[in-house]
Amino acid sequence: MKMGEVDIEATTEPLLKVEDLAVDFHVSGTVQRALQGVSLNLKRGRTLGLVGESGCGKSVTSLSIMRLLPQPPGHYAGGRILLEGRDLLSLPEREMRALRGGRIGMIFQEPMTSLNPVYTCGEQIVESLLVHSGLSSKAAMDRAVELLDLVGLPSPRERAHDYPHQLSGGQRQRVMIALALANDPDLLIADEPTTALDVTIQAQILDLMTDLRERTGAAVLLVTHDLGVVAQTCDDVVVMYAGGVVERAPTNALFADPQHPYTIGLMAAVPRIDATVDRLSTIAGSVPPPWVTLVGCRFASRCPLADDRCRSAVPPLRENGPDHAVACWHAPIEEATI
Amino acid sequence: MSAMLEVRGLTKHFPVRRGLLRRVVGQVQAVNDVSFDVNEGETLAIVGESGCGKSTIGRTVLRLVEATDGSVRLDGEQILNLSTDAMRHIRRKLQIIFQDPFGSLNPRMTVAETLAEPLLLHGLATPDNVDDKVTELLRTCGLSSFHAQRYPHEFSGGQRQRVGIARALATRPRLIVCDEPVSALDVSVQAQIVNLLQDLQAQFGIGYIFISHDLAVVRHIAARVAVIYLGRIVEEATAEALFAAPRHPYTLSLIAAAPRPDPTNRDRSKPVQGDAPSALVPPPGCAFHPRCPMAQQVCCDERPELRTLGATRVACHFAEEVVPETATPQPSATAPRLQRRLDVLQGEALKRQNAI
Ligand SMILES: Nc1ncnc2c1ncn2[C@@H]1O[C@H](COP(=O)(O)OP(=O)(O)OP(=O)(O)O)[C@@H](O)[C@H]1O
Ligand SMILES: Nc1ncnc2c1ncn2[C@@H]1O[C@H](COP(=O)(O)OP(=O)(O)O)[C@@H](O)[C@H]1O
Ligand code: SF4
Ligand code: SF4
Ligand SMILES: [Mg+2]
Ligand SMILES: [Mg+2]
């Protein structure tokens, strides 16, 4: 939390609101829908998990929020992205650039693609500080070392002079986090920040992110395909499938009361380290490829409950409990509802 | 009785060359003195962090890279010193599947061609019946003859892995090295492939060396588990024993670090610190000592030998003192509703299947 911006609980208005976002890709003469009707809310001081299988649109969503969607082939086809009420989709690029690395910090899966290989770790953070704040270069260097220390890089003053390739994967990810935090962002977007890391290093990085979130009060959008990571770190969850939101709930409610057939199938398919089963539960079939036009419910081709209505009409995302919304005609699934 | 596969003292050092003259300046000790057995129809999992030597173990067993030292016996026959000719005959019995089957499938060959090749090469089919054999293989792996005339790029990740498995299965192997076969797959597809591997094992009695960094998958699929740290086995036990009572501090920290999909059971403990050290300059004594919360002076001075402790083999000076999380996992509050709804979904799926 920044000084002067006290009492995060009292500010009920979400920091980030995505409303009905639609994104298309124009690929070799065809239009492929990547996102359709994606809506989510993120409040200050909270971590929102965006979860789903590969290709469901998690990265397109997070890139859209940062306005980093490659255009072309990407194309915003509708909706709004509101940061404290301001629509990012209509901001001039110059203002967007000031937000990125400033009020919006970003962490990606592969730090090597976002860290500049020809600058030392310290120089990259200093550069960002100089662009976004009025610090002198001497003060910026001190602050950079402070940040590297904050993210737990050993001997930060020496490591500040290292180039990214001289560091291990986990250390690079720490540098990336230091860079993302440099200008006290209000919003931190982390797209699969630990997917490329070993499990012990993943635990260190998630621990660090939770710790920093508590200290800075930033809102975090955590993109992941791992329900374990969601359960351990997120306050709220949005479940995506084939370019749309199928369920949205506080984390505890989602795990205690999963309502969408996809959410249920996904949770049941995860092998557990703390329990054994004879046979893993699966979801039949696979995600429809992006060139297939979806009619009706996006999950209908794999859903055991799909009926004529499911195959013809899109189920709206509707509230089925406190802050718990589901896009399924038959949710919650009970013996009596089918 | 001896095991189907017996690996003893397996060692692989890669020379590191530098400079214009490509002089050898050091050795990467990728695998050191590794011994294990795999029985018919059994799965041995090999787990550990990136670079610890898992793939190298699998590849030296198959002689895709030549071992520096050690022995590998398949059905009693020593295979590391066999001539290329003699080895050809063994190759049929030893197969491998990879994380990314795309990289190992020829993009210009249809699936039928890919599968026909090993069948004909090893005399397991004739030009007359090869099509039938291919169809049978595809069906065994959950694909249909519809897929036979397609190319790898036309398949999803899960389907490609099925093709990779079918190709390995073609030669009726005794043992398959599965090198991270589900790591690149989505969890719903991962479950399909894991189930397929288990079905094939039950049907054909194949032994698996299952290489993975995902302990939850390993717990589900493996009968025994070998934990590797910097090229050495640091603990080996049945899956049951290993997860109930890990004896090595590294095993303990790996298990603790796996994120549980249960928000009511959040882990607040500090994860193990530091990175895995380089295999080029392994730390003296116990290789885990720079990260081990239990390390004493002796750990820096003396490398602990792998020794037997109960039903476990473990390499730690203080293995007797490692205390696992004793709390038996409570079936969490999430389970009942999830299970009930899953039952409804599965019941309905079954009804529809029967109706067809
Ligand atoms: N051909 C090679 N030449 C030199 N060093 C090698 C070679 N192959 C592997 N190594 C080294 O041997 C060690 C073990 O590598 P290996 O690929 O077996 O690890 P792994 O456990 O399979 O890791 P991952 O989980 O990343 O697949 C590493 O230090 C690696 O850099
Ligand atoms: N640059 C691109 N060109 C064309 N299609 C794209 C591009 N980037 C993403 N897509 C498509 O958008 C969909 C969502 O992708 P993505 O957001 O990356 O998924 P994930 O949930 O795995 O992050 C996929 O169908 C993907 O193929
Ligand atoms: S709307 Fe119908 S097809 Fe879609 S998830 Fe619900 S029951 Fe299944
Ligand atoms: S030998 Fe010592 S350093 Fe190594 S694992 Fe055991 S206690 Fe830790
Ligand atoms: Mg992505
Ligand atoms: Mg490997």
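Per chain, numbering begins at 1; letters A, B, ... match sequence-line order.
- The number of heavy-atom neighbours closer than 6.0 Å to CD of B:E240, taken from other residues, nucleotides and ligands shown, is 12 or below.
- Residues A:F255 and B:P263 share a closest heavy-atom pair of CG-CD, 3.4 Å.
- Panel note: side chain B:Q192, backbone A:S281; no donor-acceptor pair is recorded below 3.5 Å.
- Looking at B:Q346, the atoms closer than 4.5 Å to chain A (heavy atoms on both sides) all sit in the side chain, from C-beta outward.
- Applying the salt bridge (Lys or Arg N to Asp or Glu O under 4.0 Å) criterion to B:E42, with sequence neighbours excluded, gives B:R224.
- Note: A:C234 leads A:P154, A:C234, A:G55 in heavy-atom pairs under 4.5 Å with chain B.
- In this structure the side chain of B:D199 reaches within 4.5 angstrom of the side chain of A:R279, judged on heavy atoms.
- Interface remark: A:T276 contributes side-chain atoms only to the contact with chain B (heavy atom separation under 4.5 Å).
- Contact of A:D278 with chain B is made through the backbone alone, with heavy-atom distances under 4.5 Å.
- When every heavy atom of A:L305 is checked against every heavy atom of B:E348, the shortest pair comes out as CD2-CG, 3.4 Å.
- The one candidate from A:Q259, A:E334, A:H260 that meets the side chain to side chain donor-acceptor pair (under 3.5 Å) condition with B:R341 is A:E334.
- Contact tally against chain A (heavy-atom pairs below 4.5 Å) for B:L215, B:V217, B:L350, B:D275: the top residue is B:D275.
- B:D262 CG to A:T251 OG1: the interatomic distance, rounded to the nearest 0.5 Å, is 11.5 Å.
- Taking all atoms of both residues into account, the shortest heavy-atom contact from B:N265 to A:Q232 is O-NE2, 3.2 Å.
- With a threshold of 4.5 angstrom between heavy atoms, A:V270 approaches chain B through its backbone and through its side chain.
- B:V194 touches chain A through its side chain: at least one heavy atom from C-beta onward sits under 4.5 Å away, while N, CA, C and O do not.
- Taking the salt bridge (Lys or Arg N to Asp or Glu O under 4.0 Å) definition, one finds that B:E154 meets it with B:R150, sequence neighbours left out.
- Across all their heavy atoms, A:L280 and B:N195 have their closest contact at O-ND2, 2.9 Å.
- A distance of 8.5 Å separates CG of B:L254 from CD1 of A:I273, quoted to the nearest 0.5 Å.
- Counting heavy atoms from C-beta outward, A:R302 and B:S188 have side chains that approach closer than 4.5 Å.
- To the nearest 0.5 Å, atom CG of residue A:N252 and atom OG1 of residue B:T264 are 7.5 Å apart.
- Heavy atoms of A:V287 lying under 4.5 Å from chain B are absent altogether.
- To the nearest 0.5 Å, atom OG1 of residue A:T282 and atom CD1 of residue B:I193 are 10.5 Å apart.
- Annotation: side-chain contact (heavy atoms from CB on, under 4.5 Å) contacts of A:V27 (sequence neighbours excluded): A:F25, A:T30, A:Q32.
- Note: A:P271 leads A:P271, A:S286, A:A284 in heavy-atom pairs under 4.5 Å with chain B.
- Residues of residues 192-205 of chain A lying under 4.5 angstrom from chain B, judged on non-hydrogen atoms, are A:D198, A:V199, A:T200, A:I201, A:Q202, A:A203, A:Q204 by number.
- For CZ of B:R340, the number of neighbouring non-hydrogen atoms (other residues, nucleotides, ligands) closer than 6.0 Å is greater than 12.
- Among B:A216, B:A349, B:G48, the residue with the largest count of heavy-atom pairs under 4.5 Å with chain A is B:A216.
- Proximity to chain A involves both the backbone and the side chain of B:R266, based on heavy atoms less than 4.5 angstrom apart.
- If you take CG on B:L338 and CG on A:L254, they are separated by 10.0 Å, rounding to the nearest 0.5 Å.
- Within 6.0 Å of atom CG in A:D323, 12 or fewer heavy atoms from other residues, nucleotides or ligands are found, so the atom counts as exposed in its surroundings.
- Here the CD-CD distance, from A:E53 to B:Q190, works out to 10.0 Å after rounding to the nearest 0.5 Å.
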